[in-house]
Engineer: 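First the structure, which I've put down as C-alpha cells, then a few questions once you've had a look.
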2 protein chains.
Amino acid sequence: MVDLREHVHRCGGRMTAQREAIYDVLCAASGHPTAEELFMLVRERVPGISLATVYNTLEMLVNTGLAVKISGEGPARYDTMCTPHGHTRCMHCSTVEDVPDAVVSALGADLSLPAGFIPWSVSVEVKGICAECARQGAEASTDA
Amino acid sequence: MVDLREHVHRCGGRMTAQREAIYDVLCAASGHPTAEELFMLVRERVPGISLATVYNTLEMLVNTGLAVKISGEGPARYDTMCTPHGHTRCMHCSTVEDVPDAVVSALGADLSLPAGFIPWSVSVEVKGICAECARQGAEASTDA
DNA sequence: CTCCGTGCAAATCGTTTGCACACAG
DNA sequence: CTGTGTGCAAACGATTTGCACGGAG
C-alpha cells in the first residue's frame, strides 16, 4: 500500500478520484476480485464510474507494478500483494487464494529453461478444491 | 501418444475421423497450438470440419487426460505432453515452450497451502522473453 | 490552456450453445 | 435403430476501442 498520488505522478500520470477509489478497494478487498467485482464495489463510492475506467486503471496499476493480473479460466483476477507468491484456484467455486512461499521465488533458478530464454517472473498456480468446497462436498456425500 | 480409438471407447465415447485428425495434429504440432491454429491445420485434412468440433474434441481430450489446457493471456493453448512440466511464455511473441523438470512435480509438497485445500495439479509459468525475440531485440537496439 | 483520463456505446475476440442431421456402434 | 458427435450460426462473456467532454496539472 503506497501513496498512490505520488506513485502515479512519478509514472507521469494524473491522480483522479476514480483511481484512488479503485486502488483503495483493491487493497481492501479480501479475495482476488475480478474487474467486474471491483467495478461493483467501487460504484458504491464513485457512482458514475464506468467499467472501462476500472479496466484502464487496473492496466495502469499492473504496468507500474502496483498490482498483479492473475489470468486463467474465466475472468482475470487482480491482486495487490507484490512479493512473489503463488495462488491456489478452487476447481469448484473458482476462488483464488494466496500461497506466500519462498519456494516460489527460488523456483526460477532450479528450472531448466529453454536456451536463451530470459525469465521475468514466475507464477505458480495450484488447482484443487478449497477447504470450503471440500467440506460441502463431504456433507453432500454424507447426506446422499 | 495412445491408441485414440481404444481410449475413446474406454471413456464411453465414439471414434470419428475428426477426433482422430485433431489428436494427430495436436500430437504432431511443434508448439502449443490454440484452438484456432489447430482448426486451420486440421482443415487441411478434414476440410468440412467446424471450429466447434475442435473445441468439443479438445475439451474431451482434456477431460479424459490426453491433453492439457494452458490458459492465460489471450486464447488458450493445448498440449499433449502429460508428464508434469511447466511452461514459459514469451511476453513479446506469446510463444509457449515446455519446461520439463522434476522441480515442478516436487513443488506441491513444498508449498504452504491454505489449510484444508486439496491440491489437484500444479502449473508453473515463467514469463519472460524467448531466445528468438531477445535476439531480435538486441539487433534492433544495435541498429538504432 | 493542454492533454490525460473518463464515460458511453459499439466493436472485437475467444468460446459456448441450440438445433437438425449424420453416422458409429 | 439409437444416441452421440457434427456443422452451422447465433449467443455469450470478457475486454478493448473510438470518440467527445471534463478536470488535473
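In what follows, chains carry the letters A, B, and so on, assigned in the order in which the sequence lines appear, proteins first and then strands, with residues in each chain numbered from 1.
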Engineer: Looking only at side-chain atoms of B:R5, point me to the closest of C:dG25, D:dC8, C:dG7.
Structural biologist: C:dG25
Engineer: Which residue lies toward the 5' end of DNA chain C, B:M15 or B:N56, if each is placed at its nearest nucleotide?
Structural biologist: B:N56
Engineer: Considering every strand and a 4.0 Å limit on heavy-atom distances, what is the contact class for A:G13: base, sugar-phosphate, or nothing?
Structural biologist: sugar-phosphate
Engineer: Taking 4.0 Å as the cut-off, does a side-chain nitrogen or oxygen of B:T16 come that near to OP1 or OP2 on C:dA24?
Structural biologist: no
Engineer: Does any N or O donor sit under 3.5 Å from an N or O acceptor when you compare the side chain of A:R19 with the base of C:dG5?
Structural biologist: no
Engineer: Which whole-number value in Å describes the distance from B:H9 NE2 to C:dA24 C1'?
Structural biologist: 8 Å
Engineer: Within this structure, what is the OH-to-P distance between A:Y78 and D:dA14, rounded to whole angstrom?
Structural biologist: 12 Å
Engineer: So which one's nearest nucleotide on DNA chain C is more toward 5', B:Y55 or A:L51?
Structural biologist: A:L51
Engineer: Between A:D79 and A:K69, is there a side-chain N and carboxylate O pair less than 4.0 Å apart?
Structural biologist: no
Engineer: Measure from the side chain of B:A52, starting at C-beta and using heavy atoms only, and say which of C:dT17, D:dT15, C:dA9 lies closest.
Structural biologist: C:dT17
Engineer: Expressed in angstrom and rounded to an integer, what is the separation of B:R77 atom CZ from C:dC13 atom P?
Structural biologist: 16 Å
Engineer: Can you tell me the distance, in whole Å, between the CD atom of A:E73 and the C1' atom of C:dG14?
Structural biologist: 12 Å
Engineer: Give the nucleotide from the list D:dG25, D:dT15, C:dT6 with an atom nearest to the side chain of A:T57.
Structural biologist: C:dT6
Engineer: Between B:H85 and B:H87, does the ring centre distance come in under 6.0 Å?
Structural biologist: yes
Engineer: When you measure from the side-chain N and O atoms of B:S50 to the phosphate of D:dC8, is any distance below 4.0 Å, counting only OP1 and OP2?
Structural biologist: no
Engineer: Mind calculating the distance between CD (B:E37) and P (C:dG14) to the nearest angstrom?
Structural biologist: 10 Å
Engineer: Rounded to whole angstroms, how far apart are CD on B:E36 and P on C:dT15?
Structural biologist: 9 Å
Engineer: Please name the pair of heavy atoms, one in A:P119 and one in A:F117, separated by the smallest distance, quoted to 0.1 Å.
Structural biologist: CD-O, 3.3 Å
Engineer: A:F39 has an atom CZ; how far is it from atom C1' of C:dC8, in whole Å?
Structural biologist: 11 Å
Engineer: Would you classify A:G74 as touching base, sugar-phosphate or nothing, given that sugar-phosphate means primed atoms plus P, OP1 and OP2, and contacts are heavy atoms under 4.0 Å?
Structural biologist: nothing
Engineer: Is the shortest side-chain N to carboxylate O distance from B:E37 to B:R77 below 4.0 Å?
Structural biologist: yes
Engineer: Report which part of the nucleic acid B:Q18 touches: base, sugar-phosphate, or nothing (heavy-atom distance under 4.0 Å, all strands).
Structural biologist: sugar-phosphate
Engineer: Taking the six-membered ring of B:F39 as reference, does the NZ or CZ atom of B:R43 fall below 6.0 Å from its centre and within a 45° cone about the axis?
Structural biologist: yes
Engineer: Would you say the side chain of B:R14 and the base of C:dC23 hold a donor-acceptor pair, judged only by whether the two atoms sit under 3.5 Å apart?
Structural biologist: no
Engineer: Send over the distance from A:M40 CE to D:dA14 P, rounded to a whole Å.
Structural biologist: 10 Å
